[in-house]
Amino acid sequence: MNINVSRLNHSFFTGKVETPILFDVSCKFDEREVTAIVGPSGSGKSTLLSLIGSLDSPTKGKIFFDSDDITIMDNKNLSLFRFNTIGFVFQQFHLLHSLTVRENILVALLNKKITFNKSERVDEIMNLIGLYDKKNSLPSQLSGGQQQRVAIARALINHPRWILADEPTGNLDSENGELIFNLLLNLHEQEGCGVIFVTHDIALAERADRIIFMQDGKIIEDRRNEAIC
Ligand code: ADP
Ligand code: MG
């Protein structure tokens, strides 16, 4: 499932005062690629990612997932679309501290119709993130890097087509950041989901298939990295 962002404009409003944030942003994302978005703080990276993930709707412009324009979907269809298509990962892990790791992952499926076996999928995903033996631990018993792994597992539980990760390594030291990034690359391979991630770490961005550079609400450069052999 590919993404086509077409002439996206977005403003925030304070009363009647309009603050434009994104200016005519157009780009396509191929699910076979891992795309990094980099740029200075305030350049609109998170805004773009949250519009792509339908957490907010743009002031103007279109966002297609294959032929479906999510900017014209009603709320009911949007929430179904998000559930079926997108896995979000944030800088803060947003785990619920009184629930076990397993329960944190299953929270994503509350009140949802699913066709797979929940327990089997949790086990599969806990293996994938390398934390099978921590299934019944509380988040407070895990390191930051391990907590982010759990947040990634939660994002993946429903087999999303896309992982959208906003500075997933931003709260981690470089060693754990590296581990999380490697995990995202593995998931891209093994689960076949497209990945878009925002980062400040240019060394990580260089390891993506493609880097989009943003500045002042615009894409100023968009390049593919040489294949790493
Ligand atoms: P980045 O992720 O690149 O740091 P953001 O997309 O978070 O940038 O923010 C871009 C600009 O939009 C910033 O100037 C920020 O202050 C502003 N902004 C972000 N969210 C809101 C909001 N909810 N209301 C008003 N302004 C916002
Ligand atoms: Mg941001």
Side-chain angles (χ1 to χ4, degrees), residues 34 36-38 41 45-47 49-50 52-56 79 82-114 116-191 193-205 207-208:
V34 172
I37 302 180
V38 301
S41 184
K45 306 180 298 295
S46 296
T47 304
L49 208 64
S50 64
I52 292 172
S54 78
L55 294 177
D56 200 356
S79 85
R82 261 196 308 273
F83 178 63
N84 286 324
T85 314
I86 310 279
F88 291 101
V89 180
F90 300 98
Q91 183 171 352
Q92 271 80 27
F93 320 129
H94 297 301
L95 299 179
L96 299 167
H97 290 283
S98 58
L99 301 186
T100 64
V101 162
R102 184 174 185 281
E103 289 163 343
N104 263 286
I105 295 170
L106 286 171
V107 158
L109 300 178
L110 273 180
N111 299 322
K112 302 285 187 190
K113 277 195 201 127
I114 49 162
F116 54 88
N117 181 304
K118 286 184 194 179
S119 288
E120 282 175 12
R121 178 63 175 158
V122 170
D123 286 354
E124 179 180 52
I125 222 152
M126 290 303 292
N127 271 320
L128 213 60
I129 64 165
L131 287 179
Y132 187 82
D133 58 332
K134 302 283 188 202
K135 238 185 355 178
N136 298 313
S137 302
L138 291 170
S140 58
Q141 296 169 309
L142 305 182
S143 71
Q146 290 173 329
Q147 290 188 45
Q148 188 61 305
R149 284 172 175 258
V150 174
I152 290 173
R154 182 185 53 197
L156 280 169
I157 186 77
N158 194 37
H159 304 278
R161 301 294 298 271
W162 281 92
I163 294 284
L164 305 181
D166 195 351
E167 304 201 31
T169 66
N171 266 348
L172 304 174
D173 58 43
S174 60
E175 192 180 327
N176 276 301
E178 176 82 15
L179 287 173
I180 289 295
F181 183 68
N182 289 339
L183 177 63
L184 288 175
L185 294 187
N186 281 346
L187 295 171
H188 173 67
E189 293 293 323
Q190 292 183 29
E191 295 266 305
C193 44
V195 176
I196 306 175
F197 74 102
V198 171
T199 186
H200 273 117
D201 187 334
I202 197 73
L204 290 187
R207 291 175 51 206

Could you walk me through whether I163 and I196 pass side chain to side chain contact (heavy atoms under 4.5 Å, CB included), step by step? CA-CA 6 Å; I163 294 284; I196 306 175; over 6 Å; no

Can N136 and V101 be said to form a side chain to side chain contact (heavy atoms under 4.5 Å, CB included), step by step? CA-CA 6 Å; N136 298 313; V101 162; over 6 Å; no

One pair to check against side chain to side chain donor-acceptor pair (under 3.5 Å): R82 and S54. What are the steps and the verdict? CA-CA 7 Å; R82 261 196 308 273; S54 78; 3.1 Å; yes

Using the rule given for side chain to side chain contact (heavy atoms under 4.5 Å, CB included), can you reason through L187 versus Q190, listing the C-alpha separation, both sets of side-chain angles and the distance that settles it, and then say yes or no? CA-CA 5 Å; L187 295 171; Q190 292 183 29; 5.8 Å; no

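In this structure, F181 and F197 have tilted ring planes: the angle between them lies in the 30° to 60° band. Between H94 and F90, the ring planes lie perpendicular to each other; the angle is over 60°, past the 30° to 60° tilted range.
In this structure, the separation between CG on D173 and OG1 on T169 is 10.0 Å, given to the nearest 0.5 Å. One distance of note links CG of L99 with CG of L96; it measures 5.0 Å at 0.5 Å rounding. From H97, atom NE2 reaches atom CG of L138 across 10.0 Å, with rounding to the nearest 0.5 Å. Distance check: I105 CD1 to R102 CZ gives 9.0 Å after rounding to the nearest 0.5 Å. Going from atom NE2 of H200 over to atom OG of S41 covers 5.5 Å, rounded to the nearest 0.5 Å. Rounding to the nearest 0.5 Å places CG of L49 at 9.5 Å from OG1 of T47.
The two residues N117 and S119 have their closest heavy-atom pair at OD1-N, 3.0 Å. Scanning all heavy atoms of the two residues, the minimum distance from L184 to P168 falls at CD1-CG, 4.1 Å. Closest non-hydrogen pair, I86 versus G53, comes out as CD1-CA, 4.3 Å. Annotation for F93 and A151: closest pair O-CB, 3.7 Å, computed over non-hydrogen atoms. Contact detail for R154 and N104: the closest heavy-atom pair is CD-O, 3.5 Å. Here the shortest heavy-atom pairing between L142 and S137 reads CD2-CB, 4.2 Å.
Classification of E178 and R207 as a salt-bridged pair holds, one side-chain N sitting under 4.0 Å from a carboxylate O. One finds a salt bridge joining E191 and R121 here, because a Lys/Arg side-chain nitrogen approaches an Asp/Glu carboxylate oxygen to under 4.0 Å.
Using a 4.5 Å heavy-atom cutoff, the side chains of K134 and T100 are not in contact. Residues V89 and L164 are not in side-chain contact: their nearest non-hydrogen atoms beyond the backbone lie 4.5 Å or more apart. Counting heavy atoms from C-beta outward, L183 and I129 have side chains that approach closer than 4.5 Å. C193 is not listed as a side-chain neighbour of R161, based on a closest heavy-atom distance of 4.5 Å or more. In this structure, N171 and Q92 have side chains that are in contact, with non-hydrogen atoms separated by less than 4.5 Å. Two residues are said to be in side-chain contact when any heavy atoms from C-beta on lie closer than 4.5 Å; V198 and V38 fail this criterion.
Remark: the D166 side chain and the S46 side chain contain an N/O donor-acceptor pair separated by less than 3.5 Å. Side-chain contact of N176 with R149: a donor-acceptor pair under 3.5 Å is absent, judged by distance alone.
If you run side chain to side chain contact (heavy atoms under 4.5 Å, CB included) between I152 and each of I125, L128, I180, only I180 comes through.
The closest donor-acceptor contact from the side chain of S143 to the backbone of Q146 lies under 3.5 Å. Within the 3.5 Å criterion, the main-chain N or O of G145 finds no donor-acceptor partner in the side chain of Q148. Proximity of a side-chain donor or acceptor of N84 to a complementary backbone N or O of P160 within less than 3.5 Å is not detected.
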